[in-house]
Amino acid sequence: MMIYDSLTRQKRPFEPLVPGHISIYVCGVTPYAESHLGHARPAVLWDVIKRYFIRRGYIVHHVQNFTDIDDKIVARAQDLGISVTDVAERYMKEYTDAMNRLRVLPPDYAPRVTENVTPINQFIEELINKGKAYATSAGDVYFRVGQSPGYGRLSGRQVEDQRVGVRIESSEDKEHPADFALWKSSGADEPGFPSPWGRGRPGWHIECSVMASRYLGPQFDFHGGGIDLIFPHHENELAQSEAYWGVSPARCWVHNGLITQGSIKMSKSLGNGISLRELLDRVSPMALRTYLLSVHYRSPLDFSQDALEDWSRGIVRVWDMYERVKDAGSPSERLDQPWAKRLESFEERLLAALDDDFNTARALAEIYEMVRDVHQGEASGHAETAHGWARINILKADQVLGILPWPATPRSLEHDKLLAALLSWRQEARLEKDFKIADRIRVVLSQAGWTIEDTPRGPRVVAKEDV
RNA sequence: GGCGACGUAGCCAAGUGGUAAGGCAGGGGUCUGCAAAACCCCUAUGCCCCGGUUCGAAUCCGGGCGUCGCCUCCA
């Protein structure tokens with residue numbers, strides 16, 4: 001198992017901290033606005049990583065937080081004239097709904113900052129006691145970057161090289177411009193929590209150090225998030241955790257590339273994010289999911305509607321095959337043909353692709369090659385065996401990658417009866433060679449959003465919204 | 001200015017030293033009342049450019065060109 005670590009900048013063999021267990025902390029979202037497509041990428045990636053480790057026999061502990069208190073949420077609440085809690089709840093629910101539609105398994109713990117204020121305060125106090133942080137007369141607490149010799153090694157930068165002026169906020173009583181807030185005092189009209197330094201709220205980075213160690217311990221296996229979080233968020237988090245525990249928190253830092261549009265990063269602040277909810281209303285969630293997995297996670301993914309549709313057309317072939325073979329029995333004969341041997345060893349190749357730094361693109365390619373082997377089996381007169389393997393292998397791929405759509409929108413019984421009646425009328429017409437009627441029925445159904453396909457096994461109706 | 005990533009067929013994309021996976025589109029075919037679907041076959045002497053290392057380079061090194069990201073909230 002080879003995994004790329006952002007800290008060492010190389011792919012290297014991975015050994016879990018505790019044999020047989022995998023612990024994962026992924027930075028979640030700040031729920032102050034609608035989720036966009038960019039949020040779906042790490043979620044789907046970590047979902048696959050998790051399923052992969054589970055399949056490999058590990059016990060997985062996965063934590064993903066919600067930053068439910070933050071300046072942006074406060075501002076949003078004031079805009080909408082509702083409470084900070086209501087804003088956070090609304091967008092957390094929206095995010096969770098989108099994840100469900102993408103078949104993303106929920107994390108084992110989804111802690112919130114507002115439920116961890118006391119441990120956060122204890123953590124900050126200890127950092128002050130250790131001389132790693134200091135409180136100001138204004139009631140703010142800052143982390144003392146100068147006390148962290150390794151600071152900058154995750155993001156590969158030196159504090160003094162950074163563009164001057166950008167980080168420095170007005171009227172600072174910070175000791176050093178690079179020092180960052182652990183605790184920020186709240187104004188009278190802002191939400192706040194009591195603390196030894198007065199009423200205030202946690203800074204952006206401290207939550208993750210606190211919650212990760214609280215739920216997973218001082219050290220854990222993976223820390224994940226978008227590549228844009230490396231600096232300052234993860235750099236600061238690393239510094240805090242190290243200052244507190246004396247060890248580097250994550251054994252491996254995994255950062256996904258960003259989703260762009262026209263090569264420009266999709267982000268909330270640029271306002272060019274594609275609404276995840278709207279996109280999921282428009283395309284099949286599982287087609288979107290496979291599209292996200294079609295590019296290696298560390299590469300940027302330049303979103304295009306065309307590319308998504310291309311992927312959608314491809315994965316539909318796998319769905320169709322599953323429809324055809326889902327009732328097949330388990331294969332009972334063992335054959336020496338190459339296709340049969342490949343079908344038997346399909347899962348090994350699937351997992352081997354993921355062993356190599358979670359290469360989901362290669363894993364998807366394995367699925368298509370497997371589909372071709374099934375066709376070869378059919379052509380060589382062993383359809384039953386081939387179908388049996390097809391069923392097993394597609395389900396195995398689905399278990400790890402998540403590729404099959406959940407049942408399409410349920411239809412009413414009346415609906416089905418009506419369709420069946422029209423189809424049998426058309427079949428009668430066809431038998432009587434009355435193709436005028438037959439074609440007329442096809443046109444009428446097509447106008448209603450249904451496509452009839454005459455297959456060797458009889459007519460089949462596909463609803464346009466299913467694809 | 002500092003740091004980093006990327007550049008593979010018409011499009012998307014895997015491949016990090018051994019002779020270019022996969023998907024979409026396109027062409028040809030099988031099947032079919034027609035259509036669609038499905039399936040089969042074909043489609044990069046070449047991987048941004050120029051040098052170098054090597055028996056051998058898309059892969060390693062050097063130099064360019066182009067695009068993007070981080071340094072401010074960001075997945």
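Chain letters run A, B, ... following the sequence lines, proteins first, then strands; residues in each count from 1. Only a predicted model underlies this, so the values are computations on that prediction, with no experimental measurement involved.
Atom name P, nucleotides C42(B) and C24(B): the rounded distance is 15 Å, in whole Å. C50(B) and U43(B) have their P atoms separated by 26 Å, given to the nearest Å. Taking the P atoms as reference points, C47(B) lies 15 Å from C60(B), given to the whole Å. Between the C1' atoms of C39(B) and C6(B), the separation comes to 38 Å (whole Å). Spacing of C1' atoms, G46(B) relative to A21(B), comes out at 16 Å, to the nearest Å. Nucleotides U8(B) and A44(B) have their C1' atoms positioned 9 Å apart, rounded to a whole Å. With C1' as the reference atom, A58(B) and G15(B) are 8 Å apart, rounded to whole Å. Here, C48(B) and U59(B) have their P atoms 8 Å apart, quoted to the whole Å.
At a threshold of 4.0 angstrom between heavy atoms, the contacts of G156(A) are confined to the sugar-phosphate backbone, with no base atom among them. At the heavy-atom level, I452(A) lies under 4.0 Å from base atoms of the strands shown. Note on M321(A): nothing from the nucleic acid sits closer than 4.0 angstrom, heavy atoms only. At a threshold of 4.0 angstrom between heavy atoms, the contacts of S263(A) are confined to the sugar-phosphate backbone, with no base atom among them. At a threshold of 4.0 angstrom between heavy atoms, the contacts of G28(A) are confined to the sugar-phosphate backbone, with no base atom among them. Looking at heavy-atom distances under 4.0 Å, I315(A) makes no contact with the nucleic acid at all. Residue-level contact check: S155(A) touches the backbone only, with heavy atoms under 4.0 Å from sugar-phosphate atoms and none from bases. In this structure, E369(A) reaches the sugar-phosphate backbone alone: every heavy-atom distance under 4.0 Å involves primed, P, OP1 or OP2 atoms, never a base.
Between Y25(A) and H223(A), the ring planes are tilted. Angles from 30° to 60° get that label. Classification of the F66(A)-Y95(A) ring pair by plane angle, with boundaries at 30° and 60°, yields perpendicular. Y52(A) and F358(A) have perpendicular rings, their planes meeting at more than 60° on a 0 to 90° scale where under 30° would count as parallel. Between F180(A) and H205(A), the ring planes are perpendicular. Angles over 60° get that label, and only those under 30° would be called parallel.
In a base pair of the Watson-Crick type (N1 to N3 plus N6-O4 or O6-N4) or a G-U wobble (N1-O2 and O6-N3), with each distance short of 3.5 Å, C60(B) is matched with G52(B). Shown here, C68(B) forms a base pair with G4(B); the pair counts as Watson-Crick or G-U wobble because both key distances fall under 3.5 Å. Across all strands shown, G29(B) is found opposite C39(B) as a Watson-Crick or G-U wobble partner, with both distances under 3.5 Å. Nucleotide A9(B): unpaired (no Watson-Crick or G-U wobble partner with both distances less than 3.5 Å).
Among A25(B), A75(B), G2(B), the nucleotide with an atom closest to any side-chain atom of V29(A) is A75(B). Considering only the side chain of I264(A), C68(B) comes nearest among C68(B), G22(B), A38(B). Side-chain proximity of R430(A) to the nucleotides A37(B), C68(B), G33(B) is greatest for G33(B). When the nucleotides A75(B), A38(B), A36(B) are ranked by their closest atom to the side chain of E453(A), A36(B) comes out on top. Here the nucleotide nearest the side chain of D320(A), chosen from A75(B), A38(B), C71(B), is A38(B). Distances were taken from every side-chain heavy atom of D454(A) (C-beta onward) to each of C68(B), A35(B), A75(B); the shortest belongs to A35(B).
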Between the protein and nucleotides 57-61 of chain B, are there any N/O to N/O pairs under 3.5 Å, and if so, what are the atom names and distances?
none

Look for any protein N or O under 3.5 Å of an N or O in nucleotides 40-42 of chain B and output each such pair with its distance, or none.
none

Provide a list of protein-nucleic acid N or O atom pairs under 3.5 angstrom, restricted to nucleotides 7-14 of chain B.
residue, atom, partner, partner atom, Å
A14(B), OP1, H296(A), N, 2.8
A14(B), O3', N359(A), ND2, 2.9

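The heavy-atom pair separating A77(A) from V87(A) by the smallest distance is CA-CG2, 3.6 Å. The minimum heavy-atom distance between K184(A) and P202(A), with the atom names listed, is CD-O, 4.5 Å.
Taking 4.0 angstrom as the limit, R298(A) places none of its side-chain polar atoms (N or O) nearer than this to OP1 or OP2 of A5(B). OP1 or OP2 of A75(B) has not a single side-chain nitrogen or oxygen of K265(A) nearer than 4.0 Å.
Put simply, CG on L258(A) is 14 Å from C1' on C73(B), counting in whole angstrom units. We find that CD1 of I441(A) is positioned 15 Å from C1' of A35(B), with the value rounded to whole Å. Rounded to an integer number of Å, the gap from L364(A) CG to G22(B) P is 14 Å. In this structure, L229(A) places its CG atom 15 Å from C1' of G4(B), rounding to the nearest Å. Rounded to an integer number of Å, the gap from R153(A) CZ to G4(B) P is 16 Å. With rounding to whole Å, E309(A) atom CD is found 14 Å from C24(B) atom P. Q10(A) places its CD atom 16 Å from the C1' atom of G4(B), with the value rounded to the nearest Å. Distance CZ (R76(A)) to C1' (C73(B)): 15 Å, rounded to an integer number of Å.
Salt bridge absent: D320(A) and R317(A) never bring a charged side-chain N and a carboxylate O closer than 4.0 Å. Checked for salt-bridge contact, R342(A) and E369(A) miss the test: no charged N lies under 4.0 Å from a carboxylate O. Between K11(A) and D356(A), at least one side-chain nitrogen of the basic residue sits less than 4.0 Å from a carboxylate oxygen of the acidic one, meeting the salt-bridge criterion. A salt bridge links D310(A) with R313(A); the closest basic N to acidic carboxylate O contact falls under 4.0 Å.
Screening R12(A), R298(A), R251(A) against D5(A) for a salt bridge (charged side-chain N to carboxylate O under 4.0 Å, His left out) leaves a single residue, R12(A).
With E235(A) contributing its side chain and L154(A) its backbone, the two residues share a donor-acceptor pair below 3.5 Å.
Comparing I230(A) and N256(A) along RNA chain B, the residue whose closest nucleotide (by nearest heavy atom) sits nearer the 5' end is I230(A). Heavy-atom distances to RNA chain B give each of C27(A) and R426(A) a nearest nucleotide, and the one nearer the 5′ end belongs to R426(A).
For A35(B), the base has a donor-acceptor partner in the side chain of R442(A) [N/O atoms by modelled type, under 3.5 angstrom].
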Inset, instruction - Given ring-ring contact (aromatic ring centres under 6.0 Å, His included), test F222(A) with F53(A) step by step and report yes or no. - result: CA-CA 12 Å; F222(A) 294 105; F53(A) 278 121; 5.6 Å; yes

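Heavy atoms of other residues, nucleotides or ligands lying less than 6.0 angstrom from CZ of F193(A) number more than 12.
Within the model, atoms OG1 of T85(A) and CE of M92(A) stand 8.5 Å from one another, a figure rounded to the nearest 0.5 Å.
The six-membered or imidazole ring of W253(A) lies near that of H234(A), with a centre-to-centre distance under 6.0 Å.
Stacking between Y368(A) and the base of G23(B) is absent under the criterion of ring centres within 5.5 Å and planes under 30 degrees.
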